[in-house]
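Throughout, numbering of the chain's residues begins at 1 and tracks the sequence. The structure displayed is predicted, hence computed values, not measured ones.
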Amino acid sequence: MSETAQATAKAAADSHSNRWKALSFIALAQLMVVLDATIVNIALPSAQQDLGISDGNRQWVITAYALAFGGLLLFGGRIADLWGRKRTFVAGLIGFAVASALGGAATNEAMMLGARALQGAFGALLAPAALSLLAVTFTEPKERAKAFGIYGAIAGGGGAVGFILGGLLTEYLDWRWTFFVNIPFAVIAAAGAYLVIREPSGSRNRSPLDIPGVVLSILGLVTLVYAFTRAESAGWGDSTTVGLFVAAAVLLAAFVFTESKVKAPLLPLRVITERNRGGVYLSLGLAIIALFGLFLFLTYYLQLVLGYSPVKTGLAFLPLIGGLMVGSTQIGTRLLTRVPPRLLMAPGFLVAGTGMLFLTQLEIGTSYAGVILPGLVLLGLGMGTAFMPALSLSTHGVEPRDSGVASAMVNTSQQVGGAIGTALLNTIAASATTAYIKDHIGGAGSQAQQQLVQLEGQVHGYTNAIWFAVGILVLAATIAYTFINTGRPEVGPASGEGAEDEAKIPVIAH
């Protein structure tokens, strides 16, 4: 055996033996990114007061992150394929740590918004790199199922953990620690990844960068996310909002046309037109719409209606996290190699929808143990069971050189889904609340009765929006069952798109 062949074999052996250590650092980085999507929400009122941010501009603390993250994800996935996933992953972690330090040290509004945009940009580098590293590191079906089960639990439950951690840090330390807490996460994950992860050779895509595709994708996704964000505050009929949606549609259509013509596209259309991957991206995006909407309403309900503190509100979400962990690491992981993925995803979304049904019964003074607790447990079990095969299938059958951009697509569907969920469901809730108060305020004589009608109106708005979330989950289940037709993973000779590299991409039996 030649020296080159021996070195390649040794690198492959090192990669195999260190794969579970690699998973721990990849999962830590994913937890940091998902945490950051919600942890700042809890700290925002305190940060707004300290930095003198106006009510009109406070949404930009959230929006700046969402725009940069959502707009740059496809670019980040392509950079991972071109530059190397490990290198991109480590660079993203270091950049995220620096941006978090700037956010924690912010002395004014501009510095805060700039730090949040930088966090989103570096998050868009490391998130697709993390998922594609999993795809090329775990190739044996049972181990792959277990690895994606752990990753899926973190991806689904990290947002709820953010509420808990954000409440604790804000209440007992200072809002700045919701940024500083990212630094040890990032440093540990970057050091561990640098020392442990061994990326398989021959899996990069060294084609020249598709500059028109990069520009159109960034402009299109940023415009789309901003349109949904603006719709929440300015209304869906606002002329600027409508103009933004039209512009986003034109830009994204131009992007698709460009990708069908260029020689080395940023997003090869084969990545999204394969029915299984397309079904995953669409159904997962819909499920995230429902989940993010619920996070928003339940947080408001627990704090404004039931009077929970930020810490108690965070702890109230623990059953959801427990359900996600069990659904992902136990149900999903154990069954993925035994049943077709659609028989996990579709029932999972329906179980989550059943949990949502419990939460449509919210009223003033609703029992946490009798209604909210079982609803959160079922929601967690269902989402965990569905997320795990969805994340595993997001890179189903792709060539290794496309795994970064395929991973970016699943992150993009979640990010856009989150923006849509917050804006769409919040608008539905606000409209229902306004209508309820208008119809009932006339019969309220005293100030106390008027305040009661106001609270009842808020709860009525929440439950109306949650009914829509139930319908969205049923639609996600239908799409997953209809589009996804791949069988359970089996070990065998490779076929399909990834046939030339059977050692790296698992085979899915049809």
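For Asn182 against Ser100, the heavy-atom pair with the smallest separation is ND2-OG, 3.1 Å. The shortest non-hydrogen separation linking Arg116 to Ala64 is CB-CB, 4.2 Å. Across Met111 and Ala106, no two heavy atoms sit closer than the pair SD-CA, 3.6 Å. Taking each heavy atom of Phe179 and Met112 in turn, the nearest pair found is CZ-SD, 3.5 Å. Here the closest non-hydrogen pair linking Ala68 and Ala117 is CB-O, 3.3 Å. Considering every non-hydrogen atom in both Ala186 and Ala97, the closest pair reads CB-CB, 3.7 Å.
Residues Glu259 and Pro268 are not in side-chain contact: their nearest non-hydrogen atoms beyond the backbone lie 4.5 Å or more apart. Asn276 places none of its side-chain heavy atoms less than 4.5 Å from the side chain of Tyr281. In this structure the side chain of Ile479 reaches within 4.5 angstrom of the side chain of Leu286, judged on heavy atoms. Ser328 places none of its side-chain heavy atoms less than 4.5 Å from the side chain of Thr385. You'll find the side chain of Leu379 reaches within 4.5 Å of the side chain of Leu291, heavy atoms only. Contact of the Glu109 side chain with the Leu51 side chain is not registered, since no non-hydrogen atoms from C-beta on lie closer than 4.5 Å. Looking at heavy atoms from C-beta onward, Trp177 lies in side-chain contact with Asp174 at the 4.5 angstrom threshold. Residues Leu473 and Met383 meet the side-chain proximity criterion, which asks for heavy atoms closer than 4.5 Å.
The distance from atom CG of Leu195 to atom NZ of Lys21, rounded to the nearest 0.5 Å, is 10.0 Å. Annotation: the span from Leu298 atom CG to Phe317 atom CZ amounts to 4.5 Å, rounded to 0.5 Å. The distance from atom CZ of Phe349 to atom OG of Ser283, rounded to the nearest 0.5 Å, is 4.5 Å. To the nearest 0.5 angstrom, Asp210 atom CG is 9.5 Å from Leu267 atom CG. Rounded to the nearest 0.5 angstrom, Leu284 CG and Leu393 CG are separated by 11.0 Å. Between the CG atom of Leu252 and the CG atom of Leu219 there is a distance of 10.0 Å, given to the nearest 0.5 Å.
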Trace of the side-chain contact (heavy atoms from CB on, under 4.5 Å) decision for Leu126 with Thr88: CA-CA 6 Å; Leu126 71 90; Thr88 305; over 6 Å; no

Worked check of side-chain contact (heavy atoms from CB on, under 4.5 Å) between Leu113 and Val61: CA-CA 6 Å; Leu113 297 182; Val61 177; 4.0 Å; yes

Verdict with reasoning, Phe387 to Ile288, per side-chain contact (heavy atoms from CB on, under 4.5 Å): CA-CA 10 Å; Phe387 276 172; Ile288 292 294; 3.8 Å; yes

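A donor-acceptor pair under 3.5 Å is formed between the side chain of Arg275 and the backbone N or O of Phe483. The closest donor-acceptor contact from the side chain of Arg78 to the backbone of Leu73 lies at 3.5 Å or more, if one exists at all. A donor-acceptor contact shorter than 3.5 Å is absent between the side chain of Arg277 and the backbone of Ile272.
Of the residues listed (Thr223, Leu251, Leu72), the one engaging Ile218 in a side chain to side chain contact (heavy atoms under 4.5 Å, CB included) is Leu72, and it is the only one.
Between Tyr65 and Phe69, the angle of the ring planes stays under 30°, which puts this pair in the parallel group of the 30/60° scheme.
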